[in-house]
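Notes follow once the structure below has been shown.
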Amino acid sequence: MPKVVIAGAGLVGSLNACFFAKRGWDVEVYEFREDIRTMEHVQGRSINLALSFRGKAALEYVGLKDYITEQGVAMYARMVHEPDGVTTNQQPYGHPGQHIVSINRRHLNEVMITQAEKFPTVKFFFEHKLRDTRIAEGQLIMERLNDKEKIVVTGDLLCGCDGAYSALRRSLMTYPRFNFSQEYIEHGYVELNILPKNNQFAIEPNVFHLWPRGSFCLIALANIDKTFTVTLFAPFNTFEEHLYDDTSVVQFFTKHFPDALQLIGSTELKATFNRVRPSPLVSVKCAPHSFGGRFLLLGDAAHAMVPFFGQGMNCGFEDCLVLSETLDACNNDISKSPRLELYLHKF
Ligand SMILES: NC(=O)C1=CN([C@@H]2O[C@H](COP(=O)(O)OP(=O)(O)OC[C@H]3O[C@@H](n4cnc5c(N)ncnc54)[C@H](OP(=O)(O)O)[C@@H]3O)[C@@H](O)[C@H]2O)C=CC1
Ligand SMILES: Nc1ccccc1C(=O)C[C@H](N)C(=O)O
């Protein structure tokens, strides 16, 4: 059986594992973090995901579309909240019935790992960090974090699904004619929450809530546990100049998001801003995405994008589908690597 090695057990790594298992390959997934299903807090990953048609098409291919869709909340429109704290208006996303799906990122990642693990040929290795890549030898060098042991792994294909700061991509920097650009936008984000009211959603769940305010905005997306994940996006200098202590934070929300302040509560708001700093948002572009007919970059490792269109996960899922179709087109015959390389250029 051919074997694929995947670096990263994020959303794209775990879906990619399902795709390869389905085509009968042996799959090894190496993840830097411990198993998120056993972690109490997962740092730095918050903004809710909006699963759209592209992402669903990839999930359908491995039989997960309905199951994953049930883990989220349908959003039929964008609900815009005006600064007066009362007026709202709705912009439908499509024809009646058409929708995108709000899913909590941590929950989705946990579910995806569990689904991938159900395939008997998939093995996950948590707390293994990709340290280096030997292109000529077709090897990845992993470090087992508990004893610092270096492990050499190899496979017929080696996939970097290790996110925006991909170690696999970093080790390819000197690859001939490899192009790379990285840009931090001026905005950062902070995550907040709206809790259920009388065990029900506190506001309409089936829309994407948006409080647009020029250079900054607030969004709220529902979760199946009847909470909302709320995210404030603002330039870093807005955080520094207007959101620097308890009083300024409450004043800012009173002025710009009075209805959201009621829902979040000033105690929770102050506690969050005392606890966390805004996280940065990075955009990464690079080309090519395939190297030596054997190494590939997928998902954020290949194209990290800002979240405002809600397309990062959907593009990453689509990568898995395109790769699968590419392998179908060469009849799974990866021994003919020049041929595979040719197909992979499409990818
Ligand atoms: N809403 C959010 O807050 C976020 C959303 N996303 C969405 O998910 C989409 C898909 O993300 P995806 O491409 O899967 O990337 P992810 O960042 O979700 O997953 C990459 C995984 O690889 C791990 N990793 C990083 N470096 C190494 C290494 N050296 N060795 C082994 N594992 C490593 C990461 O751990 P670690 O994270 O510790 O670096 C992470 O678990 C994105 O496009 C975006 O839309 C992604 C991140 C956050
Ligand atoms: N998930 C997100 C996270 C952050 C910012 C936006 C989104 C969106 O999904 C936007 C939605 N597609 C919209 O166009 O209204």
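Along the sequence shown, residues are numbered consecutively beginning with 1. All ligand and atom numbering here is 1-based and tracks the order in the structure.
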Exercise for the section: Kindly write out the residues that satisfy side-chain contact (heavy atoms from CB on, under 4.5 Å) with Ser215, not counting sequence neighbours, or none if the list is empty. Expected result: Pro235
Handout entry: Residues clustered with Val207, ILVMFWY side-chain links under 4.5 angstrom
Key = Met79
Contact table, ligand 2 N/O with protein N/O, distance under 3.5 Å:
from     : atom 1 : to    : atom 2 : distance (Å)
ligand 2 : 1 (N)  : Asn48 : O      : 3.3
ligand 2 : 14 (O) : Arg78 : NH2    : 3.0
ligand 2 : 15 (O) : Arg78 : NE     : 2.8
ligand 2 : 15 (O) : Arg78 : NH2    : 3.4
ligand 2 : 15 (O) : Tyr93 : OH     : 2.5

Handout entry: Thr87 versus Asp84, side-chain donor and acceptor atoms under 3.5 Å
Key = yes
Problem - Aromatic ring proximity, centroids under 6.0 angstrom, Tyr165 and Phe32 - result: no
Handout entry: Hydrophobic cluster (4.5 angstrom, side-chain heavy atoms) - remaining members for Ile141
Key = Val152
Exercise for the section: Please confirm whether the backbone N or O of His256 pairs with a side-chain atom of Arg213, one donor and one acceptor, at under 3.5 Å? Expected result: yes
